[in-house]
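Being a predicted model, the structure only gives us computed values, none of them experimental.
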Amino acid sequence: MPELPEVETIVRQLRPQLVGRTITAVRLGWSGVVQRPSPARFRAELAGRRIVAARRRAKYFVFDLDDGRALVGHLRMTGRLAVEPAAAPVAALRPEWVRARFDLDDGRCLVFADVRKFGRLALVRSLDEVLPEIGPEPLSAAMDGRWMAAALSARRRLLKPLLLDQSFVAGLGNIYVDEALHLSGLHPLRASHRISRARAESLAQSIKSVLQRAIAAEGSSFDAFYRTPEGQPGRYQDGFLVYGRDGQPCRTCGATIVRLVVGQRGTHVCPRCQPRPRAAPRERAARPARR
DNA sequence: CAAGACTCCTGACGGC
DNA sequence: TGCCGTCAGGAGTCTT
């Protein structure tokens, strides 16, 4: 669920509420949520720490602490974060889904809830301890058309799975990849190394555009899971061009949006705006001239 | 190196 | 009504 725009929204909303606050106690609803160190050390060593900054890297949220360490976490599919007054819990955060609760020195608490238990929290000295290899931030100046053209041709991968690969570019998930591909008129099954420089540049721009718009709309919500820390749904789902719109007319050309599966992920494309590649590149190479 | 299968969980939904 | 199979925004691991 939460991709870059959702995590960015969450961090932005939490920042003013968390920075400067001291964690007075940690309560774990499910100790499996702690990735490292041990749950006991996690609880003990976070108590008394002051939060000095709140930021995002890829889809991770990072709360920097006054001892140089950081509380890091990933929401995966259904994780949620909210700061709530001790007396008035956020309605949607059902108590049985609360995996960790951080009491703050102002009487409120930071709550981490997660239905499916995929989300994780960690207390680390360096992000390297828990973050795998992660590619450039798509909204950075470094990720421009030139970078994209070079990076795509350096790999031989199907386009969509490559964009979902966090070691390639940071923060993209299933929704925004589908949206960005449509904006650039690229089919998800295209081979990365066969994409023209012009299309690659367009793709870089589409990714930035989609993410910026989604952040401006505070993310996307289409079920009960993603809500901002303030409890509000995002609004970007109203602007989806293809995601979840199979069977409906393309907003660009009117053709019917179709759903297919690419890399085990539901994938949405406009068959007219995003023409399918002629054949799998490897098939062609293996069997030259047919017929 | 690339790609697919499988796994971690729980809840919602459709079909019978 | 109720049971069961299927599927879901992520991502790591293992196999082919």
Side-chain angles (χ1 to χ4, degrees), chain A residues 1-10 29-36 56-61 72-81 92-99 112-122 129-135 151-181 188-194 210-211 214-215 217-228 233-234 236-237 240 242-246 259-268 280-283 285-286:
Chain A
M1 143 220 169
E3 304 182 27
L4 186 155
E6 288 75 28
V7 180
E8 181 65 29
T9 298
I10 288 166
W30 176 61
S31 61
V33 73
V34 180
Q35 187 176 356
R36 68 183 300 167
R56 175 193 62 73
R57 168 68 173 128
K59 300 175 193 171
Y60 291 82
F61 54 86
V72 195
H74 198 303
L75 301 166
R76 291 290 180 97
M77 302 277 265
T78 55
R80 287 184 57 180
L81 279 176
L93 295 186
R94 306 232 319 239
E96 65 268 36
W97 295 341
V98 172
R99 310 303 177 194
F112 180 89
D114 181 21
V115 178
R116 287 172 72 178
K117 295 183 174 176
F118 287 170
R120 290 294 182 272
L121 296 171
E129 292 174 42
V130 283
L131 298 222
E133 186 189 338
I134 290 181
L152 289 180
S153 57
R155 312 269 206 122
R156 291 174 157 256
R157 301 266 312 262
L158 294 180
L159 189 51
K160 176 166 176 176
L162 180 58
L163 293 173
L164 286 174
D165 183 341
Q166 301 297 295
S167 70
F168 183 74
V169 190
L172 293 179
N174 208 33
I175 297 174
Y176 299 112
V177 164
D178 278 6
E179 294 295 299
L181 287 175
L189 289 173
R190 291 281 300 268
S192 64
H193 61 291
R194 302 179 87 216
V210 164
L211 294 178
I215 290 171
E218 301 186 322
S220 308
S221 303
F222 41 83
D223 63 16
F225 291 121
Y226 170 69
R227 290 294 181 276
T228 69
Y236 194 69
Q237 66 282 1
F240 283 168
V242 290
Y243 187 83
R245 297 194 63 244
D246 42 306
R259 178 182 188 278
L260 52 153
V261 175
V262 177
Q264 293 100 241
R265 311 300 300 278
T267 298
H268 310 77
R282 270 190 262 94
E283 274 181 297

Pick base, sugar-phosphate or nothing for [X], based on heavy-atom distances below 4.0 Å to the nucleic acid.
{"X": "A:Pro132", "answer": "sugar-phosphate"}
{"X": "A:Phe222", "answer": "base"}
{"X": "A:Gln166", "answer": "sugar-phosphate"}

Side chain of [X] only, please: which of [options] is the nearest?
{"X": "A:Lys117", "options": "C:dG12, B:dC9, C:dA8", "value": "B:dC9"}
{"X": "A:Arg157", "options": "C:dC7, B:dA3, C:dG10", "value": "B:dA3"}
{"X": "A:Arg265", "options": "B:dC9, B:dA2, C:dG10", "value": "C:dG10"}

By a 5.5 angstrom centroid cut-off and a 30 degree plane limit, is there stacking between A:Phe118 and C:dG10?
yes
Would you mind reporting whether A:Thr267 and A:Val242 have side-chain heavy atoms less than 4.5 Å apart?
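With C-beta onward as the side chain, the pair stays apart.
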Rounded to the Å, how far apart are [X] [atom1] and [N] [atom2]?
{"X": "A:Asp114", "N": "C:dA8", "atom1": "CG", "atom2": "P", "result": "18 Å"}
{"X": "A:Phe168", "N": "B:dA2", "atom1": "CZ", "atom2": "P", "result": "11 Å"}
{"X": "A:Leu164", "N": "B:dG4", "atom1": "CG", "atom2": "P", "result": "13 Å"}
{"X": "A:Gln264", "N": "C:dT6", "atom1": "CD", "atom2": "P", "result": "16 Å"}
{"X": "A:Gln237", "N": "C:dA8", "atom1": "CD", "atom2": "C1'", "result": "16 Å"}
{"X": "A:Leu163", "N": "B:dA2", "atom1": "CG", "atom2": "P", "result": "14 Å"}

Is there a side-chain contact between A:Trp97 and the phosphate of B:dG11, meaning an N or O under 4.0 Å from OP1 or OP2?
yes
Any side-chain N or O of A:His74 under 4.0 Å from OP1/OP2 of C:dG10?
no
Verdict with supporting geometry, A:Asp165 and A:Arg155, side-chain contact (heavy atoms from CB on, under 4.5 Å)
CA-CA 12 Å; A:Asp165 183 341; A:Arg155 312 269 206 122; 4.3 Å; yes
